[in-house]
2 protein chains.
Amino acid sequence: MPAAAPEPLPTRIAAGLARLSVALRAGQWRLAEAHGLTATQAQILGLLAARAAEPARLRPGEVAEQLGITRATASDALSALARKGLVAKRPDPRDGRALGLALTAEGAEAARAAGDAPALLAEAAAALSPADQAALLRLVVKMIRGLQLRGAIAPARVCVTCRYFRPHLYDDPAAPHRCDLVGAPFGDAALRVDCADHAAAPPELAGQTWRRFDAGGAPHGSATPRLAAEGGTSRPRPSAARARSDHDP
Amino acid sequence: MPAAAPEPLPTRIAAGLARLSVALRAGQWRLAEAHGLTATQAQILGLLAARAAEPARLRPGEVAEQLGITRATASDALSALARKGLVAKRPDPRDGRALGLALTAEGAEAARAAGDAPALLAEAAAALSPADQAALLRLVVKMIRGLQLRGAIAPARVCVTCRYFRPHLYDDPAAPHRCDLVGAPFGDAALRVDCADHAAAPPELAGQTWRRFDAGGAPHGSATPRLAAEGGTSRPRPSAARARSDHDP
DNA sequence: CGATTATACGTAGGACTCCTAATCACTCAA
DNA sequence: TTGAGTGATTAGGAGTCCTACGTATAATCG
């Protein structure tokens, strides 16, 4: 710690995240280039691969939005990928203006090889203790929602904005949440960041879900929900399994 | 949560961080462009501004390293900035090959306006609870160290690698650490990410410091230091203020 | 129904990024 | 003093990324 006047906490957090971002971007370049691609092209490949299992084809506009680039840039990169035979463009049957994007066989191969640039970050994350990992995921999800709220990011398919998500439904500290779609309880460590089954919650439900999640399972009527005891998956709770019976009235 | 087979936790963490990175980069572009700059140029300006108070001038090679780009790219960007009159290059008196970089008055102004691109992230971070902020900073610092260890990132001036850092010296949960340089105790919330007074610790000390920090203040002789109770700044501790007397033997 | 408005994609032009590889220029140790 | 190493720059080329504009299709409304 320093000789004085450290910047405010949020600023230091942002600076730290910026550093992670630098590592990520450098890793993207290194990996992509080894396969004759560029960082953006590899990112697109990775995005398409992640969505490959879903019926609805991704469109250029969505790619741009997800990657935070303009449509023009996305169009450029997609043309390059098409030229290299890694991506197939075909007219969307539903909309004559739109295009459906799909990986070719070669593209799928390239995506496997070069599309997983965040692997370096994942490696570093894997070195954290399980509890730290869960805590980090939880906090990252909160940040994502915050950015989304501010319009700084395209809507992500995260649990906290999903209609099926019931945070802190149960008292089991290891699995307090519930997904109504699969009907199973789970903990912070299982939160999704890009869930294929995500369905946006209507505004009111979204607000309610968020408040419950953010409060972190504090006693429901409490006036001072949190402030001190924020932590990993295993925050002790006052009483034991009363599960399934403590909805909001 | 999902229909099945979610990716492993570290992978999801990385994906989440990648999303934050997208937001950051988009924000960098938006802000920089509004001032007639590019993202990289603005980043360089921000870096120079952050180091402005220090006696030793930054050099092009260091800029490249900090930003995770090649020297050639850094050189390009610096030429552009010099052309715009925002950065002054002058020969380094210590080394005839090297250059010392400094912001001009205009450059300092531009840095203030466009150099703080992570502001968006900071804003989102500020919306977290204080405890969450401290926890996030702690985890980000851990990630930075992990990346640094893997050579994925230039050495950052973070407390955990500093010779003056004494983690978990005290039992006060709000301020367990100590900086030997300023001689004051502090908590996770005050951890630095780019401390001007940072001095790299020698390997052995570094390892020891890290283990103490990572263990998170678990009882010193414990066989199972952590695993469960990882958390914010305020994990309860067995006994009370015994400060200043519990070094490793 | 036909005109307007909005949407989806593309292209053009330009500054810049980002890489590898090669070239100067200087430092330092032998 | 010579040769290896280091710091910066340049050359060349593909690509990013932007702001406009085009062009085609879709949705909407009088």
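Heavy-atom basis, side chains included; hydrogens, waters and symmetry copies ignored. Every chain is numbered from 1, with letters handed out A, B, ... down the list of sequences.
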A:Glu204, CD: over 12 other non-hydrogen atoms inside 6.0 angstrom: no
Touch class at under 4.0 angstrom, heavy-atom based, for A:Ser75 against every strand present: base
Exam field: side chain A:Gln148 to backbone A:Ala156, donor-acceptor pair closer than 3.5 Å: yes
Residues in contact with DNA chain C, drawn from residues 39-51 of chain B - heavy-atom cutoff 4.0 Å: B:Thr40, B:Gln41
Shortest side-chain distance from B:Arg25, nucleotide among D:dC17, D:dA8, D:dT10: D:dC17
Side-chain N,O (A:Thr70) to OP1/OP2 (D:dC18) below 4.0 Å: yes
Step-by-step side chain to side chain contact (heavy atoms under 4.5 Å, CB included) determination, A:Leu103 to A:Val87: CA-CA 5 Å; A:Leu103 291 174; A:Val87 163; 4.2 Å; yes
Heavy-atom donor-acceptor pair, B:Arg12 side chain to A:Val193 backbone, under 3.5 Å: no
5' to 3' contact window, DNA chain C with chain A (heavy-atom distance under 4.0 Å): C:dA6 to C:dC19
Electrostatic pair B:Glu7:A:Arg192 at N-O distance under 4.0 angstrom: yes
Protein-nucleotide distance (A:Leu67, atom CG; D:dC18, atom P), rounded to Å: 11 Å
Touch class at under 4.0 angstrom, heavy-atom based, for B:Thr73 against every strand present: base
N or O in side chain of A:Arg71 less than 4.0 angstrom from D:dG22 OP1/OP2: no
Backbone N/O of A:Gly146 and side chain of A:Arg150: donor-acceptor pair under 3.5 Å: yes
Nucleotide D:dT9, atom P - distance to CD1 of B:Ile69 in whole Å: 12 Å
Residues, nucleotides or ligands: over 12 heavy atoms within 6.0 Å of B:Arg30 CZ: no
Value in whole Å for how far the P atom of D:dG7 lies from CG of B:Leu101: 14 Å
Touch class at under 4.0 angstrom, heavy-atom based, for A:Arg30 against every strand present: nothing
Carboxylate-amine/guanidinium contact A:Arg166 A:Asp180, below 4.0 Å: yes
B:Arg163 side, atom CZ; B:Asp197 side, atom CG - distance, nearest 0.5 Å: 12.5 Å
B:Lys89 side-chain N/O to D:dA8 phosphate OP1/OP2 under 4.0 Å: no
Gap between atoms CG and P, on B:Asp92 and D:dT6 respectively (whole Å): 17 Å
Worked verdict on B:Asp132 versus A:Asp214 for side chain to side chain contact (heavy atoms under 4.5 Å, CB included): CA-CA 10 Å; B:Asp132 272 359; A:Asp214 188 42; 4.2 Å; yes
Nearest-angstrom distance from the residue atom NE2 of A:His35 to P of D:dG15: 16 Å
Whole-Å gap separating C1' (D:dT10) and CG (B:Leu78): 15 Å
Touch class at under 4.0 angstrom, heavy-atom based, for A:Ala72 against every strand present: base
Rounded distance (Å) that lies between atom P of D:dT16 and atom CD of A:Gln28: 12 Å
Residue B:Arg59, side-chain heavy atoms: nucleotide from D:dA8, D:dT16, D:dT19 that is nearest: D:dA8
Atom pair distance, as rounded to whole Å: CD in B:Glu33 and P in D:dT16: 16 Å
